[in-house]
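Keep in mind it's a predicted model, so treat the numbers as computed, not measured. Every chain is numbered from 1 and lettered A, B, ... according to where its sequence line falls, protein lines coming before strand lines.
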Amino acid sequence: MAYEEGFSIEKNSVEGAKMSASQDRATTANLTYDELAGLKAERELVLLIGPAHPGSGHMKIKVWMDGDIIQRVDPDIGFVHRTTEKLSENRLYIKAIPIVERVMLPDTINANLAYVIALERLLGIEPTPRAQYLRTLTSEINRITSHLYGIGLYGIFLGSSTVYMWAFADREPLIDLLEEISGARITYSYIIPGGVRWDLPAGFKERAETVLQYMEARLKDYEKIWVKNPVVMDRTEGVGIVSKSDAIRLGITGPNLRASGVDYDTRRAKPYAAYPNLDFNVPTFSEGDCYARLLQRVEEIEQSIRIIRQVLKDIPDGRIISDDIYSKMNPLQKRMYEMKHRVMFPAYMASMRPAAGRSTASVEAGRGEIFFYLVSNGDKVPFRFRWVTPSFLNLPFFTHVMVGQHLADLPAIYGSSDYFPPEADR
Amino acid sequence: MTAASRVITGITFTTDEAKRIFEVEASDGAHLLDLATRLKAAGFDHCLSVTAEDLGDRLAVLWHISSYTNKELSGMNAQIRLIVSKSDNVEVPTLTGIWESANFLERETYEMFGVVFKGHPDMRRLLLPDDFTGKWPMRKDFPLKKTPWRVQK
Amino acid sequence: MGGGADGVAYFGNLEKVSKKAVSFLKKQGYVKSMINWGDKFSLWPVHLMTSCCGTEFAAASGPRFDLERLGFLPFGGPRQTNLIVIEGTTTLKMARSVRIVWEQMPAPKWVIAMGACAMDGGIFYDSYNTVPARDIVPVDIFLAGCPPRPEALARAVVMLQESIVKNRPPAADIQVTAAPATSGSKDVVEAVSK
Ligand code: SF4
């Protein structure tokens, strides 16, 4: 099976060396039951899983086991720790946008949005209504691609490459939509303080509608071959249960939290962009198992489609950049804007010095809540740049939920959390 | 800045609505624990972030908390701030006993700022390699590499 | 050489004959080109994600770009692979894993350094926790972009195939400054601070 390749017993780990199987058999052959029980502590086997990809990507999970029952889990992360906080504190404000995007690559718009909202609050700029809708639109398209990415990789974890192929193929039309808007395939850097960089291209609404209809039709197929597949249900139902109170206690976030029955969505609780004007449901499931987390993502795709339709219908006309920024453009840039509806960076962007102060921002990304805390001391670079990503908040999930499960269920549980290590390590 | 305030269970938060800052200052460790216990009882049920700020000769340790269940509080990113003097190993009490979700966040703050959380169940490095030799990378005096690499081949 | 009564042919000393045959075939050069041809279409990359370029690597293996048509099939165990694609930043922790995986792979093996980060640090060039890929393993192909599009990855694979067909040897091993696990990561830290 696919996940077996990811496991490796590290030779120079003391615990690993202690536990050679033949030795074990030789010493336990003539022992009584009590003596065996006494040996139990010594029989603990330590497995180091990862950081090769299938089984765990970019991270090592240290698992203590008795037999094949997991006793304790210690996630060893930091394999992709690229010190974004330190780097951003040494860069201009605007240059932090690519950095936060690189960390959340399947979900760049939401990372970009969270940072820009925190920065706008620091600057005291309000984006225009049209920009708010465009942000919502791109953020929802990105949420779908992010969920499809998660579903596809979950397929790999469960040994079904069909779903991986399907999900990655269905991700492409949506990526094309975003590419049409912003000009890049994955790293859009689309949202800037005061608004967004490009307006919708001509004929976008029709093309988006085609893609949405295709996506809806595909979701039915997914239901047949993946969600209602007896193999998938057997492997995920009742596995890795997180109760509602545990989810709250551990501070789990995003779809994983809602799959445990907590009705919390940052888009509702801490409204931003155009979400207060839109009508959407926050699906929740009460089971809290891997299957619920899978269903949760599928349902959220449906809600995102609903939001995108509304946005395309209701989107107001007007500027895509706030007057504060527009007034700082030079005449050439203004002409460019009027002609092509594209924002060229005024020099102000490079010399931004927000007044001393602090701000926080929360945004619902594909995997949960991104939290930003920015401190300015009036300089060109942030004084303190703090951000917490959803995957990092979901880390206690592993230590809690894997205990008492079979080792064979580990990939199922790991995959169901949609954990993206570069995002967690920042 | 507008100096407004909001009172929750007798605790006064200094607030700045536009910037979404809701702050309460703890005077010392005992006060911090007392504040945290009361805020937990009021409905703040999880910890969003633990971090610190390097203020030169002092460190400000911050806990950001919010609520999943209490609809009134869930719109807030409240923060508790404790200022301590800076040394190689700063000691502050842990809040993992109150918010278990602070566990990994406090470990991160330990390795980045050298803040030792007294009473934390597992005060180890998290992101950096175990044998990383540099001290407290997120403090302001920690240098970055100066010259970018060049490809020689 | 002689013939037996019951239709069995005797070829004398089989060992000698086969050695002669091998040296004959080697002189002809077909064998080398056949091996090269085989290598060309069985570049199996080891499934080791090092960083965010991995999302584009995943997309490249997906149906739209379908790198499998070039014989590029991601595989879990390093023992069955002959290509390692370093997908972006390698951190101090990851550097050791990369080196261990590379050492586990059978020769001949190739390395593609994917993304600006693997080439030169990219936007994380001044970070205290990253190591350039070329200090860990010998790199054959550098692939620019942040992240490179899947088409670019396909191009890199094709370039590698061309160089294999032209009989260029894989890049020679380097003096490792970023060390594998056995010698601890102190060397890695030194490599970074030098
Ligand atoms: S090159 Fe860009 S996309 Fe690739 S790892 Fe580096 S930052 Fe990430």
Side-chain contact test, heavy atoms from C-beta onward, threshold under 4.5 Å: evaluate it for C/Phe124 versus A/Thr83 and give yes or no.
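Result no, sub-4.5 Å side-chain heavy-atom pair not found.
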Would a 4.5 Å heavy-atom cut-off, applied to side chains only, mark C/Pro147 and A/Thr187 as touching?
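They are in contact (side-chain heavy atoms under 4.5 Å apart), so the answer is yes.
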Ignoring hydrogens and geometry, is there a side-chain-to-backbone donor-acceptor pair from C/Lys93 to A/Asp76 under 3.5 Å?
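Side chain of C/Lys93 to backbone of A/Asp76: no pair is present.
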May I ask you to decide if A/His81's main-chain N or O and C/Thr91's side chain share a donor-acceptor pair within less than 3.5 Å?
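Checking the backbone N and O of A/His81 against the side chain of C/Thr91, no donor-acceptor pair under 3.5 Å is found.
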Sort out for me which of [options] touches chain C most, counting heavy-atom pairs under 4.5 Å.
options	answer
A/Pro98, A/Ala184, A/Gly78	A/Gly78
A/Arg185, A/Arg91, A/Met165, A/Lys86	A/Arg185
A/Lys95, A/Glu179, A/Arg171	A/Glu179

Could you look at C/Ser61 and say if it's the side chain, the backbone, both or neither that has a heavy atom under 4.5 Å from chain A?
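Contact with chain A involves both backbone and side-chain atoms of C/Ser61.
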Please classify the contact between C/Ser51 and chain A as side chain, backbone, both or neither, with a heavy-atom cut-off of under 4.5 Å.
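The answer is both parts of C/Ser51.
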Taking 4.5 Å as the heavy-atom cut-off, does anything in residues 101-115 of chain A contact chain C, and if so which residues?
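The stretch touches chain C at A/Arg102, A/Leu105, A/Pro106.
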If you round to the nearest 0.5 Å, how far is CG of A/Leu87 from OH of C/Tyr125?
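The distance works out to 8.5 Å.
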Spacing of OG1 belonging to C/Thr55 relative to CD1 belonging to A/Ile186, to within rounding of 0.5 Å:
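Result: 4.5 Å between the selected atoms.
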Given that the side chain runs from C-beta out, which part of A/Phe79 has a heavy atom under 4.5 Å from chain C: side chain, backbone, both or neither?
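Answer is both: backbone and side chain atoms of A/Phe79 are under 4.5 Å from chain C.
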Toward chain C, the part of A/Ile99 with a non-hydrogen atom under 4.5 Å
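Both parts, heavy atoms under 4.5 Å.
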Donor + acceptor pair across side chains of A/Arg82, C/Thr89 (<3.5 Å):
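Yes.
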Under-4.0 Å salt bridge between A/Asp170 and C/Arg64
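Not counted as a salt bridge, because no side-chain N and carboxylate O are separated by less than 4.0 Å.
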Taking all heavy atoms of C/Pro63 and all of A/Phe168, pick out the closest pair and write down the distance.
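Minimum heavy-atom contact is CD-CB, 4.2 Å.
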